[in-house]
2 protein chains.
Amino acid sequence: MALTTKRSARPHGDHDHAHCVTDAIARAEAVCAEHGARLTENRRRVLELVWQSHAPVGAYEILERLRKDGTRAAPPTVYRALEFLMEQGLVHRIETRNAFVGCPQPEQRHVAQYLLCEACGDAVEIEIGGLARKIASRAAELGFAVAAQTVEARGLCSRCQQTGA
Amino acid sequence: MALTTKRSARPHGDHDHAHCVTDAIARAEAVCAEHGARLTENRRRVLELVWQSHAPVGAYEILERLRKDGTRAAPPTVYRALEFLMEQGLVHRIETRNAFVGCPQPEQRHVAQYLLCEACGDAVEIEIGGLARKIASRAAELGFAVAAQTVEARGLCSRCQQTGA
DNA sequence: TGCGGCTTTGTTACTCTATACCATGATGCC
DNA sequence: GGCATCATGGTATAGAGTAACAAAGCCGCA
Ligand SMILES: [Zn+2]
Ligand SMILES: [Zn+2]
Ligand SMILES: [Zn+2]
Ligand SMILES: [Zn+2]
């Protein structure tokens, strides 16, 4: 039973998204093994559901999908899995949407920076060189010690700009 | 009936906070006049309540305080006022806290960037030179048109670092 | 093999945040 | 005064997140 199709994966379906998912799971296994953490069935399932699309997905949407599998899940089930996945760096939270998205680079810890398309909902994780450092160093000048950062830009992706015009 | 005191204003009460509030209101009047917008009694009151502290305040906390005034307010009352105040640039939303804080520079539109202390709750609005531009230009390289940005850094302010140590 | 401690999950019941919707009232322009 | 527009009141409900406690699974060790 395929979780995803090329069509549903990305509004602009131009890649083999099934590969995104299987690849993400495989890498998650490796990351968890490395960390000595247990990627249980629930956690793996939630990760798959998060990876169903490149658009951030809400916790309650995950919950619905879990229930369609026949499992009787409640909110804590989902939130606990998400918490674990975030601790492992496998999933990031999109603050401006109260939603979650899979990380394409879980092997190395990083500050996540996002471009969020307001038309198609897509989220693209980027890393602007020196940006995180710049924020931390400016904060340090003010005596502030940065522990975590959130950088999210909203607007229109290139595809949606063309479509809308 | 004074809205605020020096003590309650900032965890590290080292300034005349009453002045912050009256100044903020005065400038809000000017900004609204400039925009041809109406700073009604409700909106002014909500703005005052937001300015009660330099820590972001939740919508329902504002609601409680409104009710203590004797007014029978409901959530939409608060959210509508906040929406208006944000449109006018008088208030910013802190995404990582689902809370709102007054803008110290409402006269000129800008992207708000914040340092958020996890110990005392204080929010300091900063503007890191070139940061917004850098984000927008990197996005543009990827064909993405940025409409709005969120930049929030969490950690410890200088005072709380000393206190904790 | 069975015991004891730890981690993970199930379940219930909330709290907090935010919005949809419709009715009512105020404002200002002609 | 009539009318459009803006602002508020008020109810109900949707959406997001957590507290608390019980049950089950896993692991190392006797
Ligand atoms: Zn994909
Ligand atoms: Zn798009
Ligand atoms: Zn102040
Ligand atoms: Zn502090």
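Protein chains get the first letters and strands the later ones, always in sequence-line order, with residue 1 at the start of each.
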*Asks:* Report yes if at least one side-chain N or O of Y60(B) is closer than 4.0 Å to OP1 or OP2 of dC16(C); otherwise report no.
*Replies:*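 The answer is no; no side-chain N or O of Y60(B) sits under 4.0 Å from OP1 or OP2.
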
*Asks:* Which label fits H17(B) and W51(B): parallel for a plane angle under 30°, tilted from 30 to 60°, or perpendicular past 60°?
*Replies:*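 If you compare the ring of H17(B) with that of W51(B), the planes turn out tilted.
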
*Asks:* Would you say a side-chain N or O of R72(B) is under 4.0 Å from OP1 or OP2 of dG9(D)?
*Replies:*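 So the side chain of R72(B) is outside the cut-off, no N or O lying under 4.0 Å from OP1 or OP2 of dG9(D).
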
*Asks:* If I take atom CZ in residue R38(B) and atom P in nucleotide dT8(D), what distance separates them, rounded to the nearest angstrom?
*Replies:*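 Those two atoms, CZ and P, are 8 Å apart.
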
*Asks:* Write down the distance between CG (L63(B)) and C1' (dT8(D)), rounded to a whole number of angstrom.
*Replies:* 14 Å

*Asks:* In whole Å, what is the span from the CD atom of Q88(A) to the P atom of dT8(C)?
*Replies:* 9 Å

*Asks:* Rounded to the Å, how far apart are E83(A) CD and dT8(C) P?
*Replies:*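 E83(A) atom CD is separated from dT8(C) atom P by 11 Å.
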
*Asks:* Does dA18(C) have its OP1 or OP2 closer than 4.0 Å to a side-chain nitrogen or oxygen of R93(B)?
*Replies:* yes

*Asks:* Nearest-Å distance, CD1 (I62(A)) to C1' (dG15(D))?
*Replies:*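 It works out to 14 Å between those atoms.
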
*Asks:* Send over the distance from M86(B) CE to dT19(C) C1', rounded to a whole Å.
*Replies:* 13 Å

*Asks:* Just checking R97(A): base, sugar-phosphate only, or nothing, at a heavy-atom cut-off of under 4.0 Å?
*Replies:* nothing

*Asks:* Would you say N98(A) places a side-chain N or O within less than 4.0 Å of OP1 or OP2 belonging to dA18(C)?
*Replies:*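 Result: no.
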
*Asks:* Roughly, in whole Å, what's the span from CZ in R45(B) to C1' in dG9(D)?
*Replies:*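 For the pair R45(B) CZ and dG9(D) C1', the rounded distance is 18 Å.
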
*Asks:* Strictly below 4.0 Å, N to O, side chains only: are R45(A) and E41(A) in salt-bridge contact?
*Replies:* no

*Asks:* Run the side chain to side chain donor-acceptor pair (under 3.5 Å) test on Y114(B) and E125(B) for me, step by step, so that the C-alpha distance in whole Å, both residues' side-chain angles and the decisive distance to 0.1 Å come before the verdict.
*Replies:* CA-CA 5 Å; Y114(B) 279 97; E125(B) 183 172 339; 3.0 Å; yes

*Asks:* Check every atom of dG9(D), dA18(C), dG17(D) against the side chain of Y79(A) and return the nucleotide holding the closest atom.
*Replies:*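 For the Y79(A) side chain, the nearest candidate turns out to be dG17(D).
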
*Asks:* Whole angstroms only, please: what is the CD-C1' distance between E64(A) and dA14(D)?
*Replies:* 12 Å

*Asks:* Hey, which sits more toward the 5' end of DNA chain D by its nearest nucleotide, N42(B) or A99(A)?
*Replies:*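 On the 5' side of the pair lies N42(B).
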
*Asks:* With the side chain of A74(B) defined as its heavy atoms from C-beta on, choose the nearest nucleotide among dT27(C), dG10(D), dA16(D).
*Replies:* dG10(D)

*Asks:* Is a donor-acceptor pair below 3.5 Å formed from side chain R80(A) to base dG10(C), judging by atom type as modelled?
*Replies:* yes

*Asks:* May I ask you to say whether D23(A) pairs ionically with R27(A), meaning some side-chain N is under 4.0 Å from a carboxylate O?
*Replies:*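 Salt bridge flag = yes for R27(A) with D23(A).
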
*Asks:* It should be established whether R43(B) places a side-chain nitrogen or oxygen under 4.0 Å from OP1 or OP2 of nucleotide dT8(D).
*Replies:* yes

*Asks:* Output, in order, the C-alpha distance, side-chain angles, deciding distance and verdict of side chain to side chain donor-acceptor pair (under 3.5 Å) for H35(A) and Q88(A).
*Replies:* CA-CA 8 Å; H35(A) 295 176; Q88(A) 301 302 315; 2.6 Å; yes

*Asks:* So which nucleotide from dT8(D), dT11(D), dT18(D) ends up closest to the side chain of T40(B)?
*Replies:* dT8(D)

